[in-house]
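Below is one structure, written out as structure tokens; comments come after it.
Read the numbers this way: they start at 1 and go in the same order the structure lists the ligands and their atoms. FYI, the numbering just counts along the sequence from 1. The basis for the numbers below is simple: all heavy atoms, side chains too, and nothing from hydrogens, waters or symmetry mates.
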Amino acid sequence: MKVTVIGAGNVGATVAECVARKDMVQDVVMVDIKDGVPQGKALDMVESSPIHGFDTYLTGTTDYADTADSEVCIITAGLPRKPGMSRDDLLAKNANIVKSVTQQFVEHSPEATIIVVSNPLDVMTYVAYEASGYPPERVMGMAGVLDTARYRAFIAEELGVSVRDIQALLMGGHGDTMVPLPRYTTIGGIPLPQWLDDDTIHDIVKRTKGGGGEIVDLMGTSAWYAPGAAAAEMTEAIIKDNGRVLPAAAYVDGEYDLEGFFIGVPIVLGADGVEEIIEVELDDHERALLDTSAEHVQDNLDNLQRLIDEGEVK
Ligand SMILES: NC(=O)c1ccc[n+]([C@@H]2O[C@H](COP(=O)([O-])OP(=O)(O)OC[C@H]3O[C@@H](n4cnc5c(N)ncnc54)[C@H](O)[C@@H]3O)[C@@H](O)[C@H]2O)c1
Ligand SMILES: O=C(O)C[C@H](O)C(=O)O
């Protein structure tokens with residue numbers, strides 16, 4: 001089995017390493033436009049394999065022929081944001097990159113499943129979907145696994161309990177309008193509102209929504225350890241076909257009364273990609289937050305169409 005990672009930068013290299021360390025596929029191929037970089041990072045990781053104890057073999061390339069017959073492709077190619085920027089500011093540049101890398105990848109792997117990571121996430125997933133010609137269930141975006149991981153880490157820190165016992169659901173677009181759902185968050189099976197007061201939950205939700213920006217302000221570029229681990233967890237669910245229930249940007253076709261775009265929803269993830277979108281009951285407040293987030297994703301899609309009409313996105 002082969003996994004391809006497009007973009008061997010901070011996130012891409014971390015995804016490749018996390019996938020390799022799970023020792024579940026024969027090959028991981030990293031592709032980048034910077035010749036030497038994917039090859040060098042792959043070699044460095046191979047040299048770490050006797051220490052970590054994995055047999056997955058990693059290679060780097062600039063040639064998509066080397067990615068042929070991949071089972072899963074993770075797209076991380078594109079610019080990260082800098083302090084003062086929003087993810088949406090990356091739209092024009094990254095749309096051109098994501099479209100081009102997707103077209104080159106699918107030429108050699110018509111049957112793969114694509115996980116998009118490049119930002120702005122929900123719209124880049126749509127770009128990859130259109131460029132791939134794949135059915136919608138075989139294209140998805142990684143955001144919810146990362147955003148819930150941040151949310152779970154902050155809750156664990158606040159309560160002084162193990163991160164392993166925290167289960168959480170978060171929906172909506174991967175931006176400041178994302179919708180963490182405290183009502184669907186449990187610690188050891190006990191709902192979050194029984195552990196923390198409203199003000200503390202509000203602070204944790206706020207920090208989660210700004211979690212990407214918090215790191216950008218600290219480092220001058222965006223995160224990669226948690227994003228890389230999150231994309232690798234989704235890859236594992238597809239490779240092992242273990243029916244994980246995870247939040248991801250999936251194509252909605254009437255679910256939650258939303259239609260025709262990608263947005264964060266709970267899914268069952270397996271070898272066939274998005275095997276099911278789970279529709280949970282939302283109260284009026286949660287529903288209003290999801291609608292606001294969906295409007296934001298739709299606005300971004302309208303911006304993409306405008307850029308296409310103006311010739312800025314080819
Ligand atoms: N979905 C998420 O939750 C999430 C999390 C973190 C980062 N991101 C996004 O992931 C993307 C990558 O972030 P990063 O920190 O790894 O950036 P980075 O600059 O470290 O790496 C990006 C890589 O893409 C490569 N690249 C650019 N154009 C290419 C092309 N046409 N073909 C092949 N490779 C190409 C670059 O050479 C570079 O190595 C950004 O858009 C960032 O916003 C998303
Ligand atoms: O914040 C970013 O720009 C990168 C990513 O979307 C994140 O949430 O870390």
Side-chain angles (χ1 to χ4, degrees), residues 4-17 29-42 60-64 66-67 73-105 114-125 127-128 131 140-151 153 170 172-178 207-234 246-249 262-264 314:
T4 286
V5 181
I6 306 181
N10 288 329
V11 179
T14 310
V15 179
E17 191 190 16
V29 180
M30 278 188 279
V31 189
D32 204 286
I33 38 167
K34 290 183 200 152
D35 195 20
V37 170
Q39 294 93 331
K41 289 190 180 183
T61 185
T62 54
D63 181 355
Y64 282 84
D66 297 331
T67 69
C73 170
I74 303 106
I75 298 179
T76 74
L79 304 182
R81 63 175 160 154
K82 294 189 166 65
M85 291 172 76
S86 92
R87 296 176 181 93
D88 301 344
D89 296 330
L90 305 167
L91 182 65
K93 288 214 165 85
N94 284 355
N96 282 314
I97 293 171
V98 170
K99 184 176 177 188
S100 142
V101 302
T102 304
Q103 287 169 336
Q104 294 175 80
F105 171 78
I114 294 177
I115 302 170
V116 179
V117 176
S118 313
N119 271 317
L121 189 273
D122 306 274
V123 181
M124 290 308 107
T125 309
V127 169
M140 68 199 80
M142 186 292 291
V145 175
L146 167 66
D147 296 326
T148 48
R150 286 182 174 142
Y151 178 55
L170 183 150
H174 180 57
D176 299 345
T177 62
M178 71 180 75
R207 189 173 177 200
T208 301
K209 289 180 170 188
E214 183 178 355
I215 289 182
V216 173
D217 287 342
L218 287 165
M219 298 201 302
T221 188
S222 54
W224 59 85
Y225 293 112
E233 185 173 46
M234 292 177 70
L246 299 170
F262 288 81
I263 191 163
K314 304 284 178 245

Would you say [X] and [Y] make side-chain contact, with heavy atoms under 4.5 Å?
| X | Y | answer |
| --- | --- | --- |
| P120 | L90 | yes |
| R81 | N119 | no |
| V127 | T102 | no |
| M140 | M234 | yes |

Do any N or O atoms from the side chain of N96 and from the backbone of K314 form a donor-acceptor pair under 3.5 angstrom? yes
Output yes when a side-chain donor or acceptor of D217 lies under 3.5 Å from a complementary backbone atom of E214, and no otherwise. no
Contact (N/O only, under 3.5 Å) between [X] and ligand 1:
| X | answer |
| --- | --- |
| S222 | no |
| R81 | no |
| S118 | no |
| Y64 | no |

Got a second to check how far [X]'s [atom1] is from [Y]'s [atom2], nearest 0.5 Å?
| X | Y | atom1 | atom2 | value |
| --- | --- | --- | --- | --- |
| M30 | T61 | CE | OG1 | 11.0 Å |
| Y64 | I6 | OH | CD1 | 4.5 Å |
| D122 | I263 | CG | CD1 | 6.0 Å |
| M142 | I75 | CE | CD1 | 13.0 Å |
| T76 | I115 | OG1 | CD1 | 11.5 Å |
| T62 | Q104 | OG1 | CD | 10.0 Å |

For [X], counting its heavy atoms only, list the atoms of ligand 1 lying under 4.0 Å from any of them.
| X | value |
| --- | --- |
| K34 | 37 (O), 39 (O) |
| L146 | 3 (O) |
| I97 | 28 (N), 29 (C), 30 (C), 31 (N) |
| M142 | 1 (N), 2 (C), 3 (O) |
| V101 | 30 (C), 31 (N), 32 (N) |
| T76 | 11 (C), 12 (C) |
| P227 | 5 (C), 6 (C) |
| L121 | 1 (N) |

For [atom], grab the closest protein heavy atom and report residue, atom and distance to one decimal in Å.
| atom | result |
| --- | --- |
| atom 25 (C) of ligand 1 | D32 OD2, 3.3 Å |
| atom 20 (O) of ligand 1 | N10 N, 2.9 Å |
| atom 43 (O) of ligand 1 | N119 ND2, 3.0 Å |
| atom 40 (C) of ligand 1 | L79 O, 3.1 Å |

Against ligand 1, does S100 come closer than 4.0 Å with any heavy atom? no
Of the listed options ([options]), which comes nearest to [atom] when hydrogens are ignored and any heavy atom counts?
| atom | options | value |
| --- | --- | --- |
| atom 19 (O) of ligand 1 | P80, A13, G144, G9 | P80 |
| atom 29 (C) of ligand 1 | V117, D147, V11, I33 | I33 |
| atom 22 (C) of ligand 1 | A226, G78, A77, G7 | G78 |

Of all residues at least two apart in sequence or in a different chain, which pass the side chain to side chain contact (heavy atoms under 4.5 Å, CB included) check with K82? M85
A143: which residues meet the side chain to side chain contact (heavy atoms under 4.5 Å, CB included) condition with it, sequence neighbours left out? L121, D147, H174
Determine the minimum heavy-atom distance between F105 and C73, stating which atoms define it. CZ-CB, 3.3 Å
Check residues 221-230 and write down every donor-acceptor pair under 3.5 Å in which the side-chain atom is one partner and the other belongs to a residue at least two apart or another chain.
none

Using a 4.0 angstrom limit on heavy atoms, which residues are close to ligand 2? R81, R87, N119, L146, R150, H174, G212, S222, A223
